[in-house]
Amino acid sequence: DTRPIKKARKRSYSTQVLARLQEKVREYEEKLSEYEENVIPHSKRMFYEMEQKINDLKERQKEYPIKIREQQQEIRRHEETIRQKDLTIQKLEEKLKEAHASDRPLD
């Protein structure tokens, strides 16, 4: 009778399959552990760094209108200074012309 041999083979095959599955599970658990130790913290750090960069950019973006207004005010101050200097130059030129005119003999 070959029945016990077939049962033994079936058990042996089942045991082999089970052993292979257990090996696969162990390999998977090792890879998962490695992933948890290495990849996840790295990814979290990268995400945090990207989030920080985005927040920094948002803050800078908020500052731009203020900086632009400050620059515009500075430009207006310079323009006003230039206008005042132009007026001063014009007044001096007029005084110079008057002085030259008074120095000339009348015809």
Is a salt bridge present between [X] and [Y], judged by a nitrogen-to-oxygen distance below 4.0 Å?
X	Y	answer
R45	E49	yes
K97	E94	no
E80	R83	yes
E98	K95	no

If you measure from [atom1] on [X] to [atom2] on [Y], what distance do you get to the nearest 0.5 Å?
X	Y	atom1	atom2	answer
K85	I82	NZ	CD1	8.0 Å
Q52	F47	CD	CZ	10.5 Å
L96	I89	CG	CD1	12.5 Å
I75	E70	CD1	CD	12.0 Å
H100	E93	NE2	CD	11.0 Å
L92	Q90	CG	CD	10.5 Å

Which residues pass the salt bridge (charged side-chain N to carboxylate O under 4.0 Å, His left out) test with E59, not counting sequence neighbours? K62
With a 4.5 Å limit on heavy-atom distance, are the side chains of L57 and Q61 in contact? no
Close side-chain approach of E37 and E34, heavy atoms under 4.5 Å: no
Do any N or O atoms from the side chain of S33 and from the backbone of E29 form a donor-acceptor pair under 3.5 angstrom? no
Hydrophobic cluster membership, Y13 vs L21, 4.5 Å side-chain cutoff: yes
Is the number of heavy atoms from other residues, nucleotides or ligands under 6.0 Å of R60 CZ greater than 12? no
